[in-house]
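Below is one structure, written out as structure tokens; comments come after it.
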Amino acid sequence: MSRVGLEGQVAVVTGAARGVGELLARKLSARGATVALVGLEEEALKAATERLHGEGGYWYADVTDHEAMSRVAREVKERFGKVDIVVANAGVATGGPFADSDPVAWRRVIEVNLIGSAVTARAFLPVLTESRGYLLQVASLAAMTPAPMMTAYCASKSGVEAYAHSLRAEVGYQGVRVGVAYLSWTDTDMVRGADQDDVMRELRKRLPWPSNKTYPLGPAVDRIADGIERRSAHVYGQWWLRGMQGVRGYLPALIGTVGQREMRRYASRLQGMRSGLVGAGGAADEAERATERN
């Protein structure tokens, strides 16, 4: 597929204060794009913007807030004249047994990952239609295969995958392309946060190769940037994820069988597992909601 050069393009990246979003913003900037960073961690966003290779800016906003995201869309267009690319990357995660999970944290994963992605698209679709642009929805290996102790995250990523495929069919005739990006375990604050729990870390190590590895962030983000240049319908952060598409129909039954065995193995160690949001991004989200309540 031919590439669309990023020189002169305007890209918006949500969840851009750290991890995939922060590095992707820098990679797109290095390829010539003007980048608008969106997220909750204002100081981290400011620092990330200063590391860009060219023009850019940052916007403090919660992706689940439609009024805030509509304001961001309006202000980005006013400042840079257009929007060509939107990457819906913002996400949080929680882990642990569903029965003992924090219902507030569980709901928040759905709100940020799924509802927040829809709010982002709703806010930016008018300007993407004007530019005949590209929306990339960041999903996960979790969209392809279920995993015990990741109920909220798997549900949210399966949801954004289905939603993005549906949206592609709706807006394609208007010239807007929609893609879905898939990532396996990648070296981010979110994954490192999940690994702080011994059971979650050990369970992940017992997954079959190559899904039991943590992959470096840089090559995965390079693949995403390449996919953006191609306006790809599917983008794979790790090479082997493409092959998962052909076998994903068999995975629920397999995981159901193997997962029961593994859960029985760890049953005595599941009590007292932390059930809140994981990683620095999760901590920032929880702090933001605490501020709102006060």
**Asked** Under 3.5 Å, side chain of Ser29 to main-chain N/O of His53, donor-acceptor pair present?
**Response**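 Checked: pair present.
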**Request:** Ignoring hydrogens and angles, tell me if any N or O in the side chain of Arg231 forms a donor-acceptor pair with the backbone of Ile228 under 3.5 Å.
**Result:**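 Here the side-chain-to-backbone pair exists.
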Quick one: are [X] and [Y] in side-chain contact, heavy atoms under 4.5 Å?
| X | Y | result |
| --- | --- | --- |
| Glu161 | Tyr182 | yes |
| Leu135 | Phe124 | no |
| Met69 | Thr14 | yes |
| Ile255 | Pro146 | yes |
| Ser140 | Leu183 | no |
| Ile85 | Val10 | no |
| Tyr236 | Gln245 | yes |
| Trp185 | Met190 | no |

Give, for atom [atom1] of [X] and atom [atom2] of [Y], the distance between the pair rounded to the nearest 0.5 Å.
| X | Y | atom1 | atom2 | result |
| --- | --- | --- | --- | --- |
| Arg177 | Arg230 | CZ | CZ | 12.5 Å |
| Leu23 | Arg18 | CG | CZ | 13.5 Å |
| Asp222 | Lys27 | CG | NZ | 3.5 Å |
| Tyr153 | Thr94 | OH | OG1 | 12.0 Å |

**Prompt:** Which is it for Glu111 and Arg108 under the salt bridge (charged side-chain N to carboxylate O under 4.0 Å, His left out) test, yes or no, and what are the steps along the way?
**Reply:** CA-CA 5 Å; Glu111 288 175 346; Arg108 186 60 179 170; 3.5 Å; yes
Look at atom [atom1] of [X] and say whether more than 12 heavy atoms of other residues, nucleotides or ligands are closer to it than 6.0 Å.
| X | atom1 | result |
| --- | --- | --- |
| Arg79 | CZ | yes |
| Arg122 | CZ | no |
| Arg107 | CZ | no |

**Request:** Go through the steps to decide whether Leu24 and Asn89 satisfy the test side chain to side chain contact (heavy atoms under 4.5 Å, CB included), and finish with yes or no.
**Result:** CA-CA 10 Å; Leu24 179 60; Asn89 165 73; 5.9 Å; no
**Asked** Looking at Leu28 and Ala11, what are the two nearest heavy atoms and their distance?
**Response**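 Shortest heavy-atom separation between Leu28 and Ala11 comes out as CD1-CB, 4.0 Å.
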**Residue pair Pro148 / Gly259: nearest heavy atoms and the distance that separates them** =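 Nearest pair, atom of Pro148 first, then Gly259: CG-CA, 4.3 Å.
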**Asked** What is the ring orientation for Trp240 with Tyr215, classed by angle as parallel under 30°, tilted 30 to 60°, or perpendicular over 60°?
**Response**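 Rings of Trp240 and Tyr215: tilted, 30 to 60°.
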**Message:** Is there a continuous path of hydrophobic side-chain contacts, each under 4.5 Å between heavy atoms, that joins Leu37 to Leu136?
**Reply:**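 Leu37 clusters together with Leu136.
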**Item:** Flag for Gln238-Thr186: side-chain donor and acceptor within less than 3.5 Å
**Value:**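 Yes, Gln238 and Thr186 have a side-chain donor paired with an acceptor closer than 3.5 Å.
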**Request:** Show your reasoning for whether salt bridge (charged side-chain N to carboxylate O under 4.0 Å, His left out) applies to Arg26 and Glu22.
**Result:** CA-CA 7 Å; Arg26 279 193 280 136; Glu22 188 274 334; 2.7 Å; yes
**From CA spacing to verdict: salt bridge (charged side-chain N to carboxylate O under 4.0 Å, His left out), Asp226, Arg31** = CA-CA 10 Å; Asp226 289 344; Arg31 299 187 188 201; 2.8 Å; yes
